[in-house]
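As the structure lists them, so they are numbered: ligands from 1, and atoms in each ligand from 1. Note that these values count all heavy atoms, side chains included, but never hydrogens, waters or copies made by symmetry.
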Amino acid sequence: MPAHLEPSNTNKQLFERACRIIPGGVNSPVRAFKSVGGTPFFVSSGKGAYLTDEEGKSYIDYIQSYGAVILGHADDRITAAIEHAARSGSTFGAPTLGEVTLAELIVDKVVGCDMVRLTSSGTEAAMSAIRLARAFTKRDKILKFDGCYHGHSDAVLVGGGSGVASLGIPDSVGIPAGAVANTIVAPYNEVPRIDDSFAAVIVEPVAANMGLVPPVPGFLEGLRRLCSENGVVLIFDEVITGFRVSVGGASEYLGVVPDMWCFGKVIGGGLPIGAFGGRRDIMELLAPVGPVYQAGTLSGNPLATAAGATVLGLLDDSRYQDLAKTAERLASGLKEALSASGLEVQVPRLSSLVGIFFGSDPVINYADAKRSVSIGLYPKFFREMLDLGIALAPGPYEAIFPGLSHSEKELDRTIEAAAESAARITR
Ligand SMILES: *Cc1c(COP(=O)(O)O)cnc(C)c1O
């Protein structure tokens, strides 16, 4: 039997097996546990707030596929929608009612978003939104913020957060200098100089890929004003915040309306998806109406649109209030539990998004986040929590994603585990 087909069932054996034929053993770098140490667990199944790994150990999960499964794992309603769709065919390369349904739901909920096009990932959504903004303005330069992540396309893989940040790579090898020559990187939460040489400003309205860093008052408002004054397209990358912080996403929650949006994660109900949308006059530059090419064999996939439409149909104001309450309990509980052991920690929260930064200095940008991470406590906390059956993201620059499947019981257990973890760290 070839080595890679040997039966193996511990996480360690599986990881070794994976590393032989998948670079680093994973299909997205943060999953390899490089920045927290140890061996990644291999998930065999998930249900609600819980994961079970291949060794049979169970965890309360706060990764939730980086927020993609807001209802929890294997929600019966989503599973039924996917099953139903799958029975009618999984992809056609032709339009379907499901795409129209999901697009209508997005456009109805997000004020100012007149039209939308579906993709298969958030990366594609951001990449295509930028291309469209460049075509619309007939300019090349874009501005992004340090620590914001907009997927792994060349032009935006500078000053990126998330897995890139965890690995400590400021940008990636393999990207020609020319591909980022028109990308200007500015510090988050400071209104930069913006003139009419820019095509677009792209920003996470709530930064959630350098840990959680909410916008300071005036930041997004300042971007909006300067973009309007200079004819620059303001793009909100709401791949995380869209349909998570409120019915209308961060733009509604924070009261600033961009010209374009990127979506992903929640809108696919756990299946691969992305979307970009915005003002009609911009969106109608897209082929086949206009000259901007953008396409995808699996874009608007029937399974993904069925799952996405089901989840968006279930999320109303009262669900977001539930989510925010859950997140508030988690945030205040974590803060108290860690402080009780004398650890200095900040637990920022915005609506249903939670973050954790060790240290006492406020974190309002990427430099602050890196300073907090350099204290080195996150990997220790992560490992103790994992040992106690709580799965946080395996990187210090990720957010915590409480969802609708986390009930009081899971929150209580999580907060107890945090207190115990803090006690072990400081002992
Ligand atoms: C996850 C994420 C992306 C990339 O989405 P993928 O589906 O992983 O390609 C882009 N922007 C933000 C803000 C994200 O969090």
Considering residues, nucleotides and ligands other than [X], do more than 12 of their heavy atoms fall under 6.0 Å from its [atom1]?
X      : atom1 : result
Lys380 : NZ    : no
Lys325 : NZ    : no
Phe92  : CZ    : yes
His152 : NE2   : no

Need the ligand 1 atom indices (1-based, order shown) with element for anything under 4.0 Å from a heavy-atom of [X].
X      : result
Ser121 : 7 (O), 9 (O)
Ile240 : 15 (O)
Asn209 : 12 (C), 13 (C), 14 (C), 15 (O)
Gly122 : 4 (C), 5 (O), 6 (P), 7 (O), 9 (O)
Asp237 : 10 (C), 11 (N), 12 (C), 13 (C)
Glu204 : 13 (C)

Hey, are [X] and [Y] close enough for a salt bridge, meaning a charged N less than 4.0 Å from a carboxylate O?
X      : Y      : answer
Arg225 : Glu229 : yes
Asp196 : Lys141 : no
Asp316 : Lys109 : no

Taking non-hydrogen atoms only, is His152 closer than 4.0 angstrom to ligand 1 via side chain, backbone, both or neither?
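For His152, no heavy atom sits under 4.0 Å from ligand 1.
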
When you look for heavy atoms under 4.0 Å from ligand 1, do you find them on the side chain of His150, its backbone, both, or neither?
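Answer for His150: backbone.
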
Between the candidates Tyr149, Phe263, Phe236, which shows the shortest non-hydrogen contact distance to atom 12 (C) of ligand 1?
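That would be Tyr149.
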
Check contact between Lys265 and ligand 1, using heavy atoms of the residue and a distance below 4.0 angstrom.
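True for this residue.
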
Is Tyr66 in contact with ligand 1, taking contact as a heavy-atom separation below 4.0 Å?
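Tyr66: no contact with ligand 1 (<4.0 Å).
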
Between Tyr66 and Tyr149, is the ring centroid distance below 6.0 Å?
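No, ring centres 6.0 Å or more apart.
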
Can you tell me which residue and heavy atom of the protein come closest to atom 4 (C) of ligand 1, and the distance to 0.1 Å?
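Here the closest protein heavy atom is Thr123 N, 3.6 Å.
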
